[in-house]
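Since the structure is predicted, the reported quantities are computational estimates derived from the model, not experimental observations. Residue numbering restarts at 1 for every chain, and letters A, B, ... go by the order of the sequence lines.
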Protein chains: 4
Amino acid sequence: PVRVAILGASGYTGAELMRLLLRHPGVQITTLTGERQAGRPVAEVFPHLASFGLPDLVKMEQVDWANVDFVFCALPHGTTQDVIAALPKTIKVCDLSADFRLANVETYAKWYGHAHKAPDLQREAVYGLSELNRTGVQNARLVANPGCYPTSAQLPLIPLLLAGQVEAQEIIIDAKSGVSGAGRDAKQANLFGEVAEGIHPYGIASHRHAPEIEQGLSLAAGEPLLVAFTPHLMPMSRGILATTYVRLKGGATAADLRATLAETYAKEPFVKVLPEGIAPQTRHVRGSNLCLMNVFADRLPGRAIIVSAIDNLVKGASGQAIQNMNIMLGFDETAGLEVVPVYP
Amino acid sequence: PVRVAILGASGYTGAELMRLLLRHPGVQITTLTGERQAGRPVAEVFPHLASFGLPDLVKMEQVDWANVDFVFCALPHGTTQDVIAALPKTIKVCDLSADFRLANVETYAKWYGHAHKAPDLQREAVYGLSELNRTGVQNARLVANPGCYPTSAQLPLIPLLLAGQVEAQEIIIDAKSGVSGAGRDAKQANLFGEVAEGIHPYGIASHRHAPEIEQGLSLAAGEPLLVAFTPHLMPMSRGILATTYVRLKGGATAADLRATLAETYAKEPFVKVLPEGIAPQTRHVRGSNLCLMNVFADRLPGRAIIVSAIDNLVKGASGQAIQNMNIMLGFDETAGLEVVPVYP
Amino acid sequence: PVRVAILGASGYTGAELMRLLLRHPGVQITTLTGERQAGRPVAEVFPHLASFGLPDLVKMEQVDWANVDFVFCALPHGTTQDVIAALPKTIKVCDLSADFRLANVETYAKWYGHAHKAPDLQREAVYGLSELNRTGVQNARLVANPGCYPTSAQLPLIPLLLAGQVEAQEIIIDAKSGVSGAGRDAKQANLFGEVAEGIHPYGIASHRHAPEIEQGLSLAAGEPLLVAFTPHLMPMSRGILATTYVRLKGGATAADLRATLAETYAKEPFVKVLPEGIAPQTRHVRGSNLCLMNVFADRLPGRAIIVSAIDNLVKGASGQAIQNMNIMLGFDETAGLEVVPVYP
Amino acid sequence: PVRVAILGASGYTGAELMRLLLRHPGVQITTLTGERQAGRPVAEVFPHLASFGLPDLVKMEQVDWANVDFVFCALPHGTTQDVIAALPKTIKVCDLSADFRLANVETYAKWYGHAHKAPDLQREAVYGLSELNRTGVQNARLVANPGCYPTSAQLPLIPLLLAGQVEAQEIIIDAKSGVSGAGRDAKQANLFGEVAEGIHPYGIASHRHAPEIEQGLSLAAGEPLLVAFTPHLMPMSRGILATTYVRLKGGATAADLRATLAETYAKEPFVKVLPEGIAPQTRHVRGSNLCLMNVFADRLPGRAIIVSAIDNLVKGASGQAIQNMNIMLGFDETAGLEVVPVYP
C-alpha cells in the first residue's frame with residue numbers, strides 16, 4: 001500500500017483525512033505529525049479514532065521520509081511553504097492550506113501579509129479543483145487543495161462562465177458555513193455559547209477566499225473579475241451552503257444554466273445537479289464527498305439563483321484532497337470516498 | 001389597566017405576547033383563545049408560563065367582548081379576516097397574521113389563493129412598521145403587523161430608497177431564519193432531526209413575504225419594483241439575519257448609506273446602527289425588540305452590502321405588535337419592551 | 001448477493017439500514033416498503049440517499065416475496081406481529097420493533113396494552129444482543145433486535161451480574177438520548193423549538209424499555225429484579241449515554257468491574273472499554289456501531305458508576321440489526337459496519 | 001440608587017448580572033472591572049449590551065471605592081480571597097466564586113490545592129442559598145453565592161433531609177449542565193464542534209461542587225455524608241437539570257416528599273413544585289430565576305426520584321446573587337428578577 005503521512009494531524013481536517021483514509025483500500029497511514037501534540041497517541045487527541053490502530057503523533061523532525069510515499073499537508077498557512085520546500089522531491093504532496101492556491105505570488109503577498117517563501121514551488125503547484133482540473137492534477141507533484149468556500153462557489157460558476165451564460169462582473173456569493181471551518185484551536189469566538197442560537201456575517205468584502213474564487217472565475221470568464229462574497233458563521237459543525245446571485249447573459253435562462261451544469265457533471269460521482277425545484281441542503285451531504293447544486297429563476301427579470309452545498313471538511317477539504325491523491329496516484333477516483341451521507 | 005385578549009394564544013407568537021405583556025405596566029391579559037386547546041390552562045400549553053396567573057384558554061365563541069379593550073390576533077392567515085370582521089368595532093386590533101398586510105386585495109388573492117374576505121377592513125387597515133409609519137399607526141383601529149422577514153428587510157431599505165441612494169430594481173435579499181418562524185404545529189420538516197446541523201433555502205422566488213416587501217419598497221422608491229428574496233431555514237430557535245445586496249445610486253457610498261440610516265434611527269429606542277465595520281448578529285438581539293443594522297462597502301464597485309438582525313418573535317412579530325399597541329393607545333412606546341437581550 | 005427487503009423504510013432506522021447496507025459487500029437492497037410513502041422514490045423521502053440507486057418505496061402487498069432472502073422489519077410496534085406472521089417461513093427476519101423482545105407475552109400485554117398476536121413466533125424469536133447471544137442469533141430465523149436504551153444498559157451490566165460483582169436489586173440507570181430515538185413522525189414535542197436548548201426526563205418509572213432491561217438483567221442475575229430507569233431527551237440527533245449507579249458485591253471494586261468488562265469484550269470489534277479514567281462520549285461513536293464503556297469508583301463507599309455510549313441509530317438499532325444479519329447469514333460480523341465515527 | 005460594582009464583568013455571570021441589574025429599580029451599575037479587558041467599552045466585550053449606557057471596563061486598581069455601595073465579585077476562584085480582603089469593610093459583597101463557600105478552610109485547601117488566604121473572612125461569610133438561609137443572608141456583609149450544581153441539588157434535598165424523609169448516606173445526583181457553566185475563556189473542550197451533538201460526564205466523583213453539596217446536606221441531615229455526584233456537559237448554552245435518586249426513610253412515600261417540598265416552597269416566588277407527574281425541563285426556566293422541581297415514585301421499591309431544573313446563569317449564579325443583594329439591602333426580594341422565561 002501507499003504509505004501516507006499527514007502533517008498537522010491534530011486539526012479537524014487531519015481527523016477527517018484519517019477517518020476516510022482508514023477505509024481506503026490502497027493506502028496505509030504510517031506517519032502523523034503534530035508539533036504541540038507530539039508524543040501523544042491519537043486516542044488522546046481524537047478519542048473517536050482510538051480503536052483503529054493509528055500511529056502516535058510525532059514532530060516533523062522525527063519523520064523518516066524514506067518511509068513516506070505521499071504527504072497530506074494540513075498545517076496552518078504561512079508555515080506550509082517552508083515545510084513543503086524541505087520535503088524530498090520524490091514525495092507527492094496534496095496541501096490543504098492556502099499557501100499554494102494563489103498562482104500570483106503578489107496577490108498572495110497582498111492578502112497574507114508577507115512575501116511568498118517558495119515562488120518556485122508555487123509555479124509548480126496545480127490547483128486541485130478535481131472535477132474541473134483532472135488532467136492538471138494527474139500530472140502534478142504538488143496539488144494545492146482548494147478552500148472550502150471556493151469549492152462550493154466555483155463548481156457551479158466555472159462551467160456557467162465557460163458557457164458564457166452569466167455576467168462575469170456582477171456575481172454575488174452569500175455563503176453560510178459550519179463552525180469546523182474555523183479550526184480546532186481554542187478561540188473565544190468559536191465557543192459553543194458564542195456560536196449556538198445565532199448567525200452573523202464576517203470578513204465582509206475582506207475574506208481571503210475572495211481572491212481564490214476570483215482567480216478561478218476570472219480564468220473561466222477570460223477576463224479579470226471581482227465577486228461579492230459574504231461568509232456567515234452558523235451553529236452547525238459541518239457544511240457550507242452557497243447561495244449565488246447572477247445576471248443571465250446572452251438570453252440564457254435559469255433552465256439553460258441548469259442544463260449546462262447537468263451536462264458538465266453528468267458522469268461525476270460526487271457532483272449532483274438536483275431535480276428541478278429541489279433546493280440543496282447541507283445536511284444531505286454531511287460526512288460525504290458530495291456537492292449538490294441547483295439553479296432557480298429569480299423574481300428579478302434576467303437573473304438566476306444558484307445554490308450549492310458541500311461538507312466543508314470533506315468535499316471542501318479532506319475528501320477532495322483524497323480525491324486528488326487518487327487522481328495523482330492512479331487509484332479509482334472514488335476510493336476511500338464511497339461514504340454515504342449521515343442523516344440525521 | 002387595558003384589558004387585552006390574545007386570539008390564537010397557543011402558538012409561539014401568542015406565548016411571546018404573554019411573556020412581554022406580563023411585564024407591561026398598563027395592560028392586563030384577561031382573555032386567551034385557542035380553538036383546539038380550549039379548556040386547558042396555560043400551564044399545560046406553555047409550562048414556562050405556569051406561574052404567572054394567566055387565564056385558561058377558551059374558544060372564541062366563549063369570549064365576552066364587553067370585557068376586552070384591545071385584541072392581538074395571532075391566528076393562521078385565512079381565518080383571520082372573518083374573525084376580525086366579526087369583532088365589535090369599538091375594539092382596537094393588532095393583527096399578527098398576513099391577512100391585512102397587502103393593501104391590494106388582488107395581490108392578496110394571487111399569493112394566498114382565495115379572494116380577500118374583508119376588503120373594507122383591508123382599506124381601513126394600517127401597515128404597522130412602527131418606526132416608519134408611526135402617525136398611521138397612531139390613528140388606526142386595525143393594524144396589520146408586518147411579517148418577520150419584511151421587518152428585517154424594510155427597516156434598512158425604505159430610508160435608503162427614500163434618500164435615492166440605492167437602485168430600486170436590483171435589490172437582493174438573502175435572509176436566514178430560526179425555526180420558530182415556522183410555527184408550533186407538528187410538521188415533519190421542523191423536527192429537531194430535520195433541522196439540526198444543516199441549512200437550506202426554501203420558497204426561492206416564491207415566498208409570500210416577497211410581495212409584502214415589494215409593496216413597502218415600491219412605495220418608498222416611488223415606482224413598482226420586484227426583489228430577489230431567498231429565505232433560509234437554519235438551526236436556531238429565534239432570529240432573522242438579512243444580508244442585502246444593493247447597487248448604489250447617484251454617487252452614494254456605503255458610508256453615505258450608513259449615515260442615512262444613522263440619522264433616520266438616531267432617536268429610536270429599538271433600531272440601532274452599529275459602529276462602522278461591526279456586523280450585526282442575531283444572538284445579540286435574542287429576546288429583545290431590537291433591530292441591529294449596518295452597511296458595508298462591497299468588493300464589486302458601486303455596490304454595498306446591508307446587514308440587519310432581529311428576533312423574529314419580538315421585533316419580527318409580538319414585540320412590534322406591542323409597540324404598535326403602545327402607539328395606538330398612547331402608552332410609552334417602550335412599555336413592556338424594555339427587555340435586555342439574553343446572551344448566551 | 002443476498003436480496004434484502006426493508007419494511008417500513010421511511011423512518012430513521014430505515015434510512016440508517018440503507019446507509020449501512022449500501023456499503024455491505026454481500027447484500028443488495030431490492031425492496032423498500034412504506035405504506036404512506038408508497039410510490040415515492042427514495043430521493044424524495046430521504047434526499048441524502050438520492051444518488052445511490054435505491055428502489056422506490058412500495059406497499060407491503062406489492063412485494064414479491066420470492067425475490068426476498070432477508071427482511072429487516074422497521075415497522076411501528078403492534079403492526080409488526082401480524083406482518084411477520086404472514087411472511088413466508090423461508091425468509092429470515094431481523095425485527096427492529098419492540099414486538100418480539102419480551103419473552104413473556106403477559107409482560108408484553110401489560111406494557112403494550114393488548115394481547116400478543118403471535119405467541120408462537122414469540123417463542124421462536126431470539127433476542128439479538130449480538131455480543132452476548134451470538135449462538136442464539138446464529139441459529140435464529142427471527143431475531144428481535146434490542147431497543148436502544150436496553151443495548152446501552154445491558155452491554156455493561158450483564159457481564160457484571162454474571163460475575164456477581166454488582167447487587168442485582170439496586171441498579172439505577174440514568175440515560176440521555178438524542179431526538180432521533182423518537183422517530184420521524186410529526187409530533188409537536190419533537191420540533192426543533194421544543195427540543196433545542198434544554199433537557200428533561202420523560203417516562204420516569206414507566207418507560208417501556210424498563211421491562212426489556214429487567215428481562216435481560218434478571219436472567220444474568222439469576223433472580224427477578226427491577227431497575228430504576230430514567231430516560232432524558234436532549235438536543236442532539238444521535239446518541240445515548242447511560243450513566244449507571246451500582247452497589248458493589250462480594251468485595252468487588254470499580255477496578256474489578258472494569259477488568260471484567262475488559263476481559264469480556266477483549267476481542268469484540270464493536271465494544272470497547274476505555275482506558276482508566278476516560279469517560280465515554282456519545283460524539284465519539286456517532287455514525288458507528290461502537291459501544292464505549294468505562295467504570296469509575298464512586299464517592300459513596302461500596303459503589304461504582306458505569307458509563308456507556310452508543311449511537312442509538314447504529315448499535316442501538318440498524319447497526320446491531322445488520323450485525324445480527326451477518327451472524328445469521330454467516331457473513332463476517334463487521335461487514336457493512338466498518339464505519340469510522342464522524343467527528344465533529 | 002445603590003451604586004453597584006461588578007468585579008470580573010467580562011464573563012458570562014458578569015453579563016448576566018448586567019442584564020438583570022439594568023432593570024432593577026433600586027440600583028445603578030457604576031463600575032465594571034476586567035483586568036484583561038480594561039479600557040474597552042461594554043459594547044465590544046458584550047455587543048448585546050451595547051445600547052444600555054453601561055460604563056467602560058476598568059482595572060481594579062482604578063476603582064474609587066468611595067463611589068461603590070455594593071460589590072458583586074465574579075472573579076475566578078483563588079484570586080477572589082485577596083480581592084475581597086482588600087475592600088473597604090463598609091461595602092457589602094456578594095461573591096459568585098467558590099472562594100467562600102466551604103466553611104471549613106481545610107476542606108477548601110484539600111479541594112482547591114492551596115491554603116485559604118482569608119480564613120477570617122471565611123468565618124464571616126454566609127452561604128447564600130436564599131430561600132433556605134434568608135435570615136443569615138439578611139445580616140451578612142459577605143455572602144458566598146452558591147454554585148450552580150449545589151443550588152439545583154440542595155433546594156430539593158435539604159428540606160427532605162430536615163424532614164427525615166430520605167436516607168442521608170445514599171444520595172445519588174446525576175446532573176446535566178449547559179456549556180455556559182464552563183465560562184467564557186477560550187478552551188478547546190468548549191468549542192462548538194467539541195460540544196455540539198453529544199454528551200459526556202466529567203469530573204466523576206471528583207468535581208469541586210461535591211464537597212459544597214455535602215456541606216449543605218450534612219448540616220441538614222445532622223450527620224456527615226457523602227454524595228454520588230456526576231455532572232454531564234451537554235449542548236445547550238444555559239440550564240442545569242439534576243436527577244436525584246434517593247432511598248425513602250421512615251415510611252415516607254414519593255407523595256410525602258412532594259408534599260414536604262410543596263409546603264416548604266408554597267410562598268416562594270422563585271421555587272415551584274410542579275403538579276404531580278409533570279417533569280421539570282430546563283427550557284421552561286431559561287433566562288429566569290425560577291427553580292422547578294418534582295418528585296416521582298421509583299420502580300425500585302422504597303426509592304424516589306427527584307428532578308430539579310434551573311438556569312445555571314440565573315438561579316445558579318447571577319440571579320440568586322441579586323436575590324441575595326435584595327435580601328441584604330432590604331429591597332423587595334424579586335426586584336430585578338421578575339423576568340419571564342424565554343421560550344422557545
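With a 4.5 angstrom heavy-atom cutoff, B:His232 touches chain A only via side-chain atoms. For B:Tyr202, no part lies near chain A; criterion is any non-hydrogen pair under 4.5 Å. Looking at B:Ile171, only its backbone comes within 4.5 Å of chain A, counting heavy atoms on both sides. At a 4.5 Å heavy-atom cutoff, the contact between B:Pro235 and chain A is made by backbone and side-chain atoms alike. For B:Ala297, the part lying near chain A is the backbone, with the side chain staying farther off; criterion is any non-hydrogen pair under 4.5 Å. Only the side chain of B:Ile305 comes within contact range of chain A, with at least one heavy atom under 4.5 Å from a heavy atom of that chain. Heavy atoms closer than 4.5 Å to chain A are found nowhere in B:Val285, neither backbone nor side chain.
A salt bridge does not link A:Arg283 to B:Glu194: none of the charged nitrogens lies less than 4.0 Å from a carboxylate oxygen.
Side-chain contact between A:Glu170 and B:Glu170 is present, with at least one heavy-atom pair separated by less than 4.5 Å. No side-chain heavy atom of A:His200 sits under 4.5 Å from any side-chain heavy atom of B:His284.
Once rounded to the nearest 0.5 Å, the distance linking CG of B:Asp298 with CZ of A:Phe229 reads 12.0 Å. Rounded to the nearest 0.5 Å, atoms CZ (B:Phe296) and OG1 (A:Thr230) are 9.5 Å apart. Rounding to the nearest 0.5 Å places NZ of A:Lys176 at 7.5 Å from OG1 of B:Thr243. The distance from atom CD1 of A:Ile278 to atom CD1 of B:Ile204, rounded to the nearest 0.5 Å, is 10.5 Å.
Listed here is the closest heavy atom pair of B:Pro201 and A:Val307: CG-CG1, 3.8 Å. Minimum heavy-atom separation, A:Gly198 to B:Thr282: CA-OG1, 3.1 Å. Nearest heavy-atom pair across A:Arg303 and B:Ile172 is NH2-CD1, 3.3 Å. For the residue pair A:Gln169 and B:Leu300, the shortest heavy atom distance occurs at O-CD2, 3.6 Å. Between A:Ile199 and B:Met234, the shortest heavy-atom contact is CD1-SD, 3.5 Å.
A:Arg286 contributes a side-chain N or O that, together with a main-chain N or O of B:Glu197, makes up a donor-acceptor pair within less than 3.5 Å.
Within a 6.0 Å sphere centred on CD of B:Glu276, heavy atoms belonging to other residues, nucleotides or ligands number 12 at most.
The choice from A:Ala228, A:Ala196, A:Pro280 that makes the most heavy-atom pairs within less than 4.5 Å of chain B is A:Ala228. Highest contact tally toward chain B, considering only A:Ala205, A:Pro344, A:Gly239, A:Gly178, is held by A:Ala205 [criterion: heavy-atom pairs under 4.5 Å].
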